[in-house]
Peer 1: 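Below is the structure I would like to discuss, written out as C-alpha cells.
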Amino acid sequence: PRQSPTAVDGLSSVDERRLPRSIKAFRALPDAERERLVRQEMLSRRAARATSPPTEPVWNCVGPANGAGKVDGLAFDPLNSDTIYAAAERGGVWRTVDAGRTWDCLTDDLPMLDPAAIEVAEMDPREIVVADPGLGLVVSEDGGATWDIREVGGFNHAVAVSIHPADLHNVLAGGGLGIFRSTDTGRTWARAAGPGGIGNEYFTAFVRDPTLSTTIYAVSARAPAIWKSIDDGASWVPHAAGLLEPDATPGLITRQALAISSSNPKSAVVSVSTSGVLVATTPRALSASRSKLLKPTAMLATMRRLGQAAS
C-alpha cells in the first residue's frame, strides 16, 4: 500500500526546503481534490500558451553533466516545472528540483538501468514510471525514494510508457512484443488487440490526444509507422499507412518520435531519421499526403508537410 504523502515524499530534508509551500500542501490533499487542481492547472497553462505571442526559443545546456550519459526521456512534475526527471541511457533516473542547476541520481541502488522513456502521473507527481528494455517497468510511488521492478506481460522488456492523465493506475507499455495495458500500475497486464495481432510490431512511443485522452497514437519501428487507438489502448489499428519510408533494413524505421501540440491539438509532428520531419494539420487524420521536399539537417533525410485529410 502507498504510504501517506507526509510519511514519504521521496525528497530529502534539504530538497523539501527548496519546494514551494503549495507543493507541500498539495501532497496532503485528498485524491479527488488533487485531480481537480491538476486539471485546472493544465487547462490554465494551455489557455496561456494559446494566447501568448510566440517568442524565439533560447536553448541552454542544463545537464545532468556528472556521468548520466545520453538522455532518452524527460518528464516534468505537473505542478512544479522546476522539478524535472531525466532517463539517461545506462545512467539511470536523475532529478532536478531547481530547473537544472543541480541533479541527483535516484536509482544508484538498482541494477544497471538503461531507461528508454519516463512519465510522471498528472494526478500524483509521486508516481513515476520508467520503461527499460532489460527490466520492463520500473515504478516509484514515492517520488523516486524507492523503486519496484515489474515485468510487462511476463517479459522484462519495455521502451515506451504512457500513464492515463486521470487514472494513475492505467498504464500502457510498448516494445518489441507489441503493446500491453495495465489497470493496476503494471502488476498485471493484458495484451492489446490489433488486426492480425500486433505482437511483431516494435513500439517506441505513445502520444495521447490532448483533447481526448482515450485516443492514443503509437509509433512503431516498422511500417506502418503510426497506429491509433480510440478505446484507451485496448485495441489498435494501423494509421497513416505508407506515411514513412523504411531504411535499408526491410520494414524497419529507425529513431522516430511523435508529438501533438497541447496549445494547438490540431497540429502534430513526426520525426523519423529515414524520412525526416513531417507536419500534420490534424493528428486524427495523419495521412500519406506529401508536398515538395525540403532540405533538413544531416540526420534527417527529408522534410514533408502534410495536408489536411479526412478522418
Peer 1: Glu122 versus Ile163: any side-chain heavy-atom pair under 4.5 Å?
Peer 2: no
Peer 1: If only atom types and distance count, is the side chain of Asp184 paired as donor or acceptor with the main-chain N or O of Thr188 below 3.5 Å?
Peer 2: yes
Peer 1: Working note: Thr107 + Cys105, criterion side chain to side chain contact (heavy atoms under 4.5 Å, CB included); need CA distance, chi angles, decisive distance, verdict.
Peer 2: CA-CA 6 Å; Thr107 53; Cys105 184; 3.7 Å; yes
Peer 1: Stepwise, does the side chain to side chain contact (heavy atoms under 4.5 Å, CB included) test hold for Arg150 with Thr185?
Peer 2: CA-CA 9 Å; Arg150 299 172 187 175; Thr185 324; 3.6 Å; yes
Peer 1: Verify the cluster assignment for Val159 and Phe203: are they in a single hydrophobic cluster under the rule of side-chain heavy atoms below 4.5 Å apart?
Peer 2: no
Peer 1: Would you find a donor on one side and an acceptor on the other, under 3.5 Å apart, between the side chain of Arg126 and the backbone of Gly144?
Peer 2: no
Peer 1: Give, for atom CG of Leu258 and atom CD1 of Ile260, the distance between the pair rounded to the nearest 0.5 Å.
Peer 2: 5.5 Å
Peer 1: List the atom of Pro78, the atom of Val120, and the distance in Å for their closest heavy-atom pair.
Peer 2: CD-CG1, 3.9 Å
Peer 1: Any side-chain heavy-atom pair from Asn80 and Pro125 closer than 4.5 angstrom?
Peer 2: no
Peer 1: For residues Asn156 and Leu135, determine if any side-chain heavy atom of one lies less than 4.5 Å from a side-chain heavy atom of the other.
Peer 2: no
Peer 1: Are Ile179 and Val237 connected in a single hydrophobic cluster, I mean Ile/Leu/Val/Met/Phe/Trp/Tyr linked by side-chain heavy atoms less than 4.5 Å apart?
Peer 2: no
Peer 1: Tell me, do Glu141 and Thr146 make a side-chain contact under 4.5 Å, heavy atoms counted?
Peer 2: no
Peer 1: Starting from Tyr217, can I reach Ile230 by hopping between I/L/V/M/F/W/Y residues whose side chains sit under 4.5 Å apart?
Peer 2: no
Peer 1: Keeping Ser235 on the side-chain end and Gly194 on the backbone end, is there a donor-acceptor pair under 3.5 Å?
Peer 2: no
Peer 1: Rounded at 0.5 Å granularity, tell me how far NZ in Lys228 sits from CG in Asp209.
Peer 2: 8.0 Å
Peer 1: Rounded to the nearest 0.5 Å, what separates atom CG in Leu74 from atom CD in Glu119?
Peer 2: 12.0 Å
Peer 1: Identify each donor-acceptor pair in which a side-chain atom of residues 108-117 lies under 3.5 Å from a protein atom, sequence neighbours left out, and give them as a table.
Peer 2:
residue : atom : partner : partner atom : Å
Asp114  : OD1  : Arg90   : N            : 3.4

Peer 1: Determine whether the side chains of Arg208 and Ser162 contain a donor N or O and an acceptor N or O closer than 3.5 Å.
Peer 2: yes
Peer 1: Side chains of Tyr85 and Leu106, heavy atoms from C-beta outward: is any pair under 4.5 Å?
Peer 2: yes
Peer 1: Please name the pair of heavy atoms, one in Ser213 and one in Asp232, separated by the smallest distance, quoted to 0.1 Å.
Peer 2: O-OD1, 4.1 Å
Peer 1: With a 3.5 Å distance limit and no angle check, can you tell me whether Trp103 reaches the backbone of Ala86 through a side-chain donor-acceptor pair?
Peer 2: no
Peer 1: Check the orientation of His157 and Tyr202. Use parallel for under 30°, tilted for 30 to 60°, and perpendicular for over 60°.
Peer 2: perpendicular
Peer 1: So how far is it from Leu172 CG to Ser182 OG, rounded to the nearest 0.5 Å?
Peer 2: 9.5 Å
Peer 1: When you compare the side chain of Val171 with that of Leu137, does any pair of heavy atoms fall below 4.5 Å?
Peer 2: yes
Peer 1: Please lay out, stage by stage, how Ile216 and Trp236 fare under the test side chain to side chain contact (heavy atoms under 4.5 Å, CB included).
Peer 2: CA-CA 9 Å; Ile216 314 167; Trp236 296 79; 3.8 Å; yes
Peer 1: Under 4.5 Å between any side-chain heavy atoms of Thr204 and Val219, yes or no?
Peer 2: yes
Peer 1: Decide side chain to side chain contact (heavy atoms under 4.5 Å, CB included) for Trp94 and Ile84; before the verdict, give the C-alpha distance in whole Å, the side-chain angles of both, and the deciding distance to 0.1 Å.
Peer 2: CA-CA 8 Å; Trp94 294 69; Ile84 309 168; over 6 Å; no
Peer 1: In terms of ring plane angle, is the pair Phe180 and Trp189 parallel, tilted or perpendicular, where the classes change at 30° and 60°?
Peer 2: perpendicular
Peer 1: Looking only at side-chain N and O atoms, does His169 offer a donor or acceptor that is under 3.5 Å from a partner on Thr183?
Peer 2: no
Peer 1: Do Ile128 and Ile118 touch side chain to side chain, with heavy atoms closer than 4.5 Å?
Peer 2: yes
Peer 1: Which pair of heavy atoms, one from Ser229 and one from Gly233, lies closest together, and at what distance?
Peer 2: OG-N, 2.9 Å
Peer 1: Can you tell me how far the NE2 atom of His239 sits from the CH2 atom of Trp227, to the nearest 0.5 Å?
Peer 2: 12.5 Å
